[in-house]
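Numbered from 1 within each chain, the chains take letters A, B, ... in sequence-line order. Please read these numbers as outputs of a predicted model, since none were measured by experiment.
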Protein chains: 2
Amino acid sequence: MTEATTRRATRDRLAAPAPTAPEAPIHETSMAETPVPMTPIPMAPGALVGDGKNTMASQLVDRLREAIVSGRLEAGSKINLERARERFSVSLSPLREALARLIADGLVVFEDNRGYRVAPVSLSNLAEITRLREEVEVLALRQAIAIGTVDWEGDVMRALHRMNRIERDPAQPETLEQWEAYHREFHLTLIAGCRMPLLLNFCGVLLNLNDRYRRTFLRRTPGGDRNVAQEHGEIAQLAVARDADDACARLREHIHRTGTNLQRHLAGTLAP
Amino acid sequence: MTEATTRRATRDRLAAPAPTAPEAPIHETSMAETPVPMTPIPMAPGALVGDGKNTMASQLVDRLREAIVSGRLEAGSKINLERARERFSVSLSPLREALARLIADGLVVFEDNRGYRVAPVSLSNLAEITRLREEVEVLALRQAIAIGTVDWEGDVMRALHRMNRIERDPAQPETLEQWEAYHREFHLTLIAGCRMPLLLNFCGVLLNLNDRYRRTFLRRTPGGDRNVAQEHGEIAQLAVARDADDACARLREHIHRTGTNLQRHLAGTLAP
DNA sequence: TGCTCACATATCATCGATTATTCGTCAATC
DNA sequence: GATTGACGAATAATCGATGATATGTGAGCA
């Protein structure tokens, strides 16, 4: 039970700064902070209850990622270390370590002696993300359909159900955030059955990058006139029915349409 | 004047520790250090004379990557920070930052409060690497053949020529190292024409991971009875001739055969 | 007016010391 | 005799301070 004491002390130390206000922007431009209440994120699959995120650096990775994907940290903006240090109430070492890890996600870019900055967005970047998702996510799905277990089927249906039950109300931003989280989990669960860690990791990165575009440009009109829920449902049904060709075709269309949609919105944002 | 003094001091500081002995093993096990004389590496393409690697952390990334891919740092072994700090003559901050960046390469794994370790090797990991290389490297090649410029064609032929001119003499380890560098560059150049940064980055990661297996298990008998040089030549010729289907088929076979070869050697190492 | 160079300032990079956590060991207990 | 809990050594994580680099500014000159 001495251990309990020690642990509790740590938890307090770590928990204390969290409830404070959501991070204000670090970059020089933009100061209107969207008061998003930092959802108690149902983080990436594979995270056991007590295993991860005990250190400053690891928590920072999540906080920074969320801040970037949500658009609170403007694309392309410089990350001033001193201000970020204050904002997140940490020291330089864990901050730099967290940023270094985020390079892997493609959300942060770095240059020697010039520091870190939020990865920029561009039409070509979006096009590549879409194209690669079509290829690798479909590849993963095909493999998942081939070797996925019954448990995997169950996971897929559960993820689908949870996502579709969320009522997306623009007046309640937290419902949008929640849907984003479930949507991400749905796509990851769909392919998780393939049991190829490197591939899943890469798909997760692409999904993150894609989500940043959607959350920035399609915040309230996610599907346009599409019935996204139906698309998801069909893909899931075909997948658990082990109809590989049709499931993959539908997933590919789904990704492609989303990409086209985003492309249009982004072009509208950049051009005028 | 003052500035000149400052700069000179810095350069000396950075240059000084480099020529010292090659890094001895950091991990607890294994103490017989292969006295590989740390080739003055013809580093990754795209490195201008003065652009990158000015900081301790960035230099460390390269040194550590080389140490891991070459096998000097044993797969799966724990990386003791204090010993690594001494060995590489740096402080903890840049060391941790460098290790954090190497997570992206899949060469290092991390766990909160348990530190960093060299990524383990396994048959399933090798199988996935091979499978993914077949898919994504071929995808990249097809795109490169579709849109690659004449400059790209030239780059491919040059890379092929340089690689094939190296005489691989097991008695002269530096020739093996040199060939590895050129070989890596050949494969990357072959697909560089596709102009998809994310895809190229992923291919580079896979190539690195693959090279670790080859350099560990196929150090002196790279091709078995295969004529690897001829395989490379044919792929290059087909690529610049814009024969996409044949080039991709050959590349896929090439990757697959290499994988099978490695699988056999690795199985022989793990089993008995 | 436009350019170059020195200086001041802001920022990034690194270090050494301090704090927190884990892991091995051993004694106490059931 | 096995399990549990407490200690101490080893190691990881964090911090505050210092050193190095880049960037902005203005004087001097063509």
* Hey, can you pull the residues of residues 90-105 of chain B with a non-hydrogen atom under 4.0 angstrom from DNA chain C? ->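 Residues of residues 90-105 of chain B under 4.0 Å from DNA chain C: B:Val90, B:Ser91, B:Ser93, B:Pro94.
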* **Where A:Val108 and A:Leu99 come nearest, the two heavy atoms and their spacing** =>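 That would be CG1-O, 3.9 Å.
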* Dump the intermediate steps for side chain to side chain contact (heavy atoms under 4.5 Å, CB included) on A:Asp62 and A:Gln59, then the final yes or no. => CA-CA 5 Å; A:Asp62 290 345; A:Gln59 291 182 335; 5.9 Å; no
* Candidates D:dA13, C:dA13, D:dT23 - which lies nearest the side chain of B:Phe110 ->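 For the B:Phe110 side chain, the nearest candidate turns out to be D:dA13.
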* Between C:dC12 and A:Lys78, is there an OP1 or OP2 to side-chain N/O distance shorter than 4.0 Å? ->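 True: A:Lys78 side-chain N/O within range (under 4.0 Å) of C:dC12 OP1/OP2.
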* Residue-phosphate contact under 4.0 Å: B:Asn80 side-chain N/O, D:dT11 OP1/OP2 ->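 Checking D:dT11 against B:Asn80, a side-chain N or O does come within under 4.0 Å of OP1 or OP2.
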Rounding to an integer number of Å, can you tell me how far [X] [atom1] sits from [N] [atom2]?
{"X": "B:Glu82", "N": "D:dA10", "atom1": "CD", "atom2": "C1'", "value": "11 Å"}
{"X": "B:Met56", "N": "D:dG19", "atom1": "CE", "atom2": "P", "value": "15 Å"}
{"X": "A:Phe88", "N": "D:dT14", "atom1": "CZ", "atom2": "C1'", "value": "17 Å"}
{"X": "A:Asn113", "N": "D:dT23", "atom1": "CG", "atom2": "P", "value": "9 Å"}
{"X": "A:Arg117", "N": "D:dT23", "atom1": "CZ", "atom2": "C1'", "value": "13 Å"}
{"X": "A:Ile79", "N": "C:dA13", "atom1": "CD1", "atom2": "P", "value": "12 Å"}
{"X": "B:Leu81", "N": "C:dG16", "atom1": "CG", "atom2": "C1'", "value": "15 Å"}
{"X": "B:Asp112", "N": "D:dT11", "atom1": "CG", "atom2": "C1'", "value": "14 Å"}

* Mind jotting down which residue pairs meet the ring pair (Phe, Tyr, Trp, His ring centres under 6.0 Å) criterion with at least one end in residues 62-87 of chain B? Sequence neighbours excluded, please. =>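 Applying ring pair (Phe, Tyr, Trp, His ring centres under 6.0 Å) to every pair that reaches into residues 62-87 of chain B, excluding sequence neighbours, yields nothing.
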* Apply salt bridge (Lys or Arg N to Asp or Glu O under 4.0 Å) to A:Arg195 and B:Glu128, showing your working. => CA-CA 9 Å; A:Arg195 276 178 295 179; B:Glu128 186 184 0; over 6 Å; no
* **Under 3.5 Å side-chain donor-acceptor pair for B:Thr189 and B:Asp155** =>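 No pair is found: no donor N or O on one side chain lies under 3.5 Å from an acceptor on the other.
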* Do B:Ser58 and B:Arg101 have side-chain atoms, one donor and one acceptor, less than 3.5 Å apart? ->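 The criterion, which ignores hydrogens and geometry beyond distance, is satisfied for B:Arg101 and B:Ser58.
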* To do: Starting from the 5' end of DNA chain D, give me the residue, A:Arg114 or B:Arg114, whose nearest nucleotide shows up first.
  =>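 Here B:Arg114 is the residue nearer the 5' end.
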* Taking side-chain hydrogen bond (donor to acceptor under 3.5 Å, both in side chains) as the test, write out the residues that go with A:Glu82, two or more places apart. =>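 side-chain hydrogen bond (donor to acceptor under 3.5 Å, both in side chains) list for A:Glu82, sorted by chain: A:Arg85.
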